[in-house]
Amino acid sequence: MDQDELTMDWLANAYAGMSRRQFLSTVGATGAGLAGFAVASKAVAGEIIRTPTTGLTVTEATIPSGGFPLPIYAAHPAAPGRYPVVLVIPEIFGMHEHIKDVTRRFGAAGFLGITFEPYARAGGVLHLPDQPAVLKVANALPDAQAMADLDALALHAKGHPAANGEALGVTGFCRGGLYTLLYAAHNRGVKAAVPWYGQIKPAKTPGIRTVGPLEVAGTISAPVLGLYGAEDRGIPVADVQEMEAALKAAGASAEFIIYPGAPHAFHADYRPSYRPDAAQDAWARCVAFLKKHLAGS
């Protein structure tokens, strides 16, 4: 991720050209979170969605991943049953409160939603003060490690007493959207994948990332629903269309929705990039798509 892309992600397409300090002075201290949990302006503070735990079973724990205790967060309906699994892959800020809320939303929708902290080995990023610090941690995480952690998460979910372990879906946001596509190629047990504005042509770094979604499109067999914004400065619409075409050419079922006027992170209701109409439509499509493709597993 270069500096322009990082700025895009940190400020979420809002207040383009400002430094983080200028942005914070604009929205005011009461309207922004100052840590790596990113920033939310007063203009959208009233839009932040908080999903209650009523009717849900919510757990926080650690699971082993290569000998490391990986922090996880899960939610599913409290009623007895076995529910399809949705792995929720966080954006660049890790397993923060918004990602936990999204996980509860999946629980409320009838899934076992489960997420994890990708940057736990480095101590997380929520406490970090600025863009370069977050970038240093996030860009040092090898894709192979992220895939291994997701394998551990999927294995844990498969054995969960409330899970239909054969009904495995995956979704993720921003960096998590990129990982969603990579994981669908990595794990043939994935039955449905929903990337939200994940990069299609990421930068490559030896030992960290050697392939991107386009290079592995031919190995993705799961149906894919892509959710992207037409005004995403870091992901050209042409790249999104190229990915959809590559998946279809390889025989996969793929539909990529591009929302007019929507920037990067349009689903992030705690950030200025939030676009309620696009977010609500995309969420409805995501849930319907996952229910369709996981119901018969």
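Keep in mind that the numbers below use all heavy atoms, side chains included, and drop hydrogens, waters and symmetry copies.
- In this structure, the side chains of Glu60 and Ile72 stay at 4.5 Å or more apart for every pair of heavy atoms.
- When every heavy atom of Pro202 is checked against every heavy atom of Leu178, the shortest pair comes out as CG-CD1, 4.0 Å.
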*asked:* One pair to check against salt bridge (Lys or Arg N to Asp or Glu O under 4.0 Å): Arg121 and Asp149. What are the steps and the verdict?
replied: CA-CA 11 Å; Arg121 290 173 181 80; Asp149 285 346; 2.8 Å; yes

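- At a threshold of 4.5 Å between non-hydrogen side-chain atoms, the residues Leu290 and Pro84 do not count as touching.
- Two residues are said to be in side-chain contact when any heavy atoms from C-beta on lie closer than 4.5 Å; Leu70 and Glu117 fail this criterion.
- Using a 4.5 Å heavy-atom threshold, the side chains of Glu215 and Lys204 count as touching.
- Applying side chain to side chain contact (heavy atoms under 4.5 Å, CB included) to Asp239 and the options Lys201, Glu244, Gln199 leaves one that passes, Lys201.
- Contact annotation: the side chain of Phe116 never approaches that of Val88 to less than 4.5 Å [non-hydrogen atoms, C-beta and beyond].
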*Show your working on salt bridge (Lys or Arg N to Asp or Glu O under 4.0 Å) between Arg271 and Glu91 and close with a plain yes or no.*
CA-CA 13 Å; Arg271 294 160 74 174; Glu91 56 195 12; 3.4 Å; yes

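- Counting heavy atoms from C-beta outward, Leu87 and Ile114 have side chains that approach closer than 4.5 Å.
- Heavy-atom minimum distance, Asp101 versus Thr51: OD2-N, 2.5 Å.
- Looking at Pro263 and Arg233, their side chains never come closer than 4.5 Å, going by heavy atoms from C-beta outward.
- Each of Tyr259, Phe256, Phe266 was compared with Tyr197 under the ring pair (Phe, Tyr, Trp, His ring centres under 6.0 Å) criterion, and only Phe266 meets it.
- Smallest separation of non-hydrogen atoms from Ile200 and Tyr228: CD1-OH, 3.4 Å.
- The two residues Ala167 and Leu294 come nearest to each other via the heavy atoms CB-O, 3.4 Å.
- Ring planes of His160 and His156: perpendicular class, angle over 60° (limits at 30 and 60°).
- Salt bridge status for Asp269 with Arg105: present, with a side-chain N to carboxylate O gap under 4.0 Å.
- Considering only heavy atoms from C-beta on, Leu227 stays 4.5 Å or farther from Pro195 through its side chain.
- Evaluated for a side chain to side chain contact (heavy atoms under 4.5 Å, CB included) with Val85, the options Val170, Leu153, Leu112 yield exactly one hit, Leu112.
- No side-chain donor from either of His186 and Asp143 sits under 3.5 Å from a side-chain acceptor of the other.
- Under the 30°/60° scheme for interplanar angles, the aromatic rings of Trp196 and His267 are found to be tilted.
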